[in-house]
Amino acid sequence: MPTQTLDKEVVIIGSGPAGLTAAIYAARANLKPLLIDAPADAEKQTAPGGQLMITTDVENYPGFSKGIDGPALMEEFRKQAERFGTEFMEEWIHTADLSERPFILRTDSYEINAQTLIIATGASAMWLGIPGEAKVPQGFGGNGVSACATCDGPLPGFRNQPLVVVGGGDTAMEEATFLTRYASKVYVVHRRDKLRASKIMQDKAFQNDKIEFIWNTQVQEILGETQAGVTAVRLQNLKTKAEKELPCSGVFIAIGHKPNTALFKGQLDMDEVGYLLTAHRSTATNVPGVFACGDVQDNCYRQAVTAAGTGCMAALDAERFLDHLPVAMPSGDEVTMEGEHVTPDHQAIIGPDGRMVPNHPEMAATED
Ligand code: NDP
């Protein structure tokens with residue numbers, strides 16, 4: 001049962017590049033944002049700071065010509081958000097009621113009333129769903145199976161051992177290349193005969209003589225023993241259907257991510273995978289006052305810099321939304337600070353010059 005009530009103009013959920021950039025902008029606009037993030041939990045794959053906290057070298061974030069460590073970059077983001085007065089809270093949000101404003105978020109200790117909400121909850125690693133992959137004791141998850149090479153690769157059990165990486169995207173290439181620092185050999189198992197990864201990442205992996213590619217193949221099962229952890233994977237060639245066992249001490253699953261949107265299911269429009277839908281050229285969701293930024297709404301670019309960019313957009317969108325909120329007049333009319341009238345159904349705002357401004361994503365898309 002929440003014991004304390006908080007009233008906030010801007011609440012941001014998530015502390016990756018998107019959430020923290022939104023916080024920097026909202027704090028500088030004097031909106032005193034509250035940024036809520038889940039406590040660190042290995043099992044639930046939550047880590048304040050987002051996915052960059054489990055990345056080593058970030059070579060493509062502008063402004064760092066020599067590259068920067070993921071955690072170091074996020075530390076800088078956080079300090080910058082703190083500097084302008086962002087308030088931070090680490091709590092699990094159990095429910096989010098977006099049916100009317102203020103939106104209500106409930107955690108163990110707090111009921112938070114938010115005039116605007118910025119969702120920057122990011123995305124989590126996907127799993128194959130095969131035998132042996134589940135967490136210990138059901139499988140070998142945490143005992144040889146991982147979705148994060150940078151977190152687990154340096155562990156003693158993987159040193160000078162053969163390891164398997166599953167996937168054909170940039171993550172798989174990055175993880176395989178990283179793991180060659182420790183492993184005796186890294187096998188990349190991919191279900192097709194072509195990689196999805198960018199050319200530069202492919203080339204890096206192809207040139208690394210510790211990496212061997214196993215094409216047109218799926219991992220059917222992860223094998224192991226309680227004490228020793230993972231000992232092998234059972235593979236199947238998808239063309240010949242031939243099966244074989246490949247000895248290894250670790251399996252790194254790198255097959256993509258899914259957006260963290262369970263809290264908003266049934267309340268916010270999403271695509272079939274669960275990515276939040278935002279209005280054309282803005283971060284507005286289908287609920288006025290709720291904005292989404294970063295990987296939770298981006299299944300295309302998914303970069304730290306684009307996440308930060310949309311975080312900035314979300315803060316500006318929230319600020320403008322608050323500025324345009326209608327004020328009830330003694331006449332019963334509702335007008336905004338700019339002299340605009342709000343339609344009775346709250347779906348549009350009529351400007352002083354008679355121009356109709358959509359107050360809803362679908363209308364915004366049609367207008368363009
Ligand atoms: P992607 O979605 O790009 O790739 C996922 C890979 O996993 C694909 O090769 C896919 O195969 C394979 N896969 C998916 N599901 C399964 C399954 N059930 N069984 C077997 N294989 C499966 O995800 P990434 O995480 O690699 O990359 C996400 C985004 O992040 C990309 O935009 C990428 O560019 C970016 N990124 C950039 C980095 C950098 O610049 N340093 C580092 C890491 C990521 P298939 O190809 O057949 O669909």
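One-based numbering, in listed order, for ligands and for the atoms of each.
- Here E87 does not pair with K32 in a salt bridge; the nearest charged N to carboxylate O distance is not below 4.0 Å.
- Residue L128 approaches ligand 1 through these ligand atoms, each under 4.0 Å from one of its heavy atoms: 17 (C), 18 (N), 19 (N), 20 (C).
- With hydrogens and angles left out, the side-chain atoms of D7 and N113 include a donor and acceptor closer than 3.5 Å.
- For A172, no nitrogen or oxygen atom sits less than 3.5 Å from a nitrogen or oxygen atom of ligand 1, counting backbone and side chain alike.
- Taking hydrophobic clusters as Ile, Leu, Val, Met, Phe, Trp and Tyr residues chained together by side-chain heavy-atom distances below 4.5 Å, I104 does not share a cluster with L263.
- A search for ring pair (Phe, Tyr, Trp, His ring centres under 6.0 Å) contacts involving F206 returns F213, not counting sequence neighbours.
- Checked by atom type and distance alone, the side chain of D295 never pairs as donor or acceptor with a backbone atom of D298 at under 3.5 Å.
- Side-chain atoms of E175 come within 3.5 Å of backbone atoms of A149 as a donor-acceptor pair (strictly under, hydrogens ignored).
- Taking all heavy atoms of I255, D170, D295, D193 into account, the minimum distance to atom 7 (O) of ligand 1 is reached by I255.
- Here the shortest heavy-atom distance to atom 10 (C) of ligand 1, taken over Q303, H257, R191, belongs to R191.
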Throw together a table of side-chain donor-acceptor distances under 3.5 angstrom for residues 153-173, partners on residues two or more places apart or in other chains.
| unit_1 | atom_1 | unit_2 | atom_2 | d |
| --- | --- | --- | --- | --- |
| R159 | NE | P154 | O | 3.2 |
| R159 | NH2 | P154 | O | 3.0 |
| Q161 | OE1 | S249 | OG | 3.0 |
| D170 | OD1 | S198 | N | 2.7 |
| D170 | OD1 | S198 | OG | 2.9 |

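- Within ligand 1, counting atoms from 1 as listed, the ones closer than 4.0 Å to a heavy atom of G169 are 4 (O), 6 (C), 9 (O), 26 (O).
- By the 3.5 Å distance cut-off applied to N or O atoms, K194 is not counted among the residues near ligand 1.
- Under a 4.0 Å criterion applied to the non-hydrogen atoms of G256, ligand 1 contributes the atoms 23 (O), 25 (O).
- Neither the backbone nor the side chain of E59 comes within contact range of ligand 1; no heavy atom lies under 4.0 Å.
- Atoms of ligand 1 lying under 4.0 Å from at least one heavy atom of R192, given by number and element, are 45 (P), 46 (O), 47 (O).
- Closest heavy-atom approach to atom 27 (O) of ligand 1 among the candidates L195, T171, N60: T171.
- For ligand 1, the atoms lying closer than 4.0 Å to a non-hydrogen atom of E174 are 41 (N), 42 (C).
- Atom-to-atom distance recorded for C248:SG and E245:CD is 10.0 Å, nearest 0.5 angstrom.
- The shell of residues lying under 4.0 angstrom from ligand 1, judged by heavy atoms, excludes Q218.
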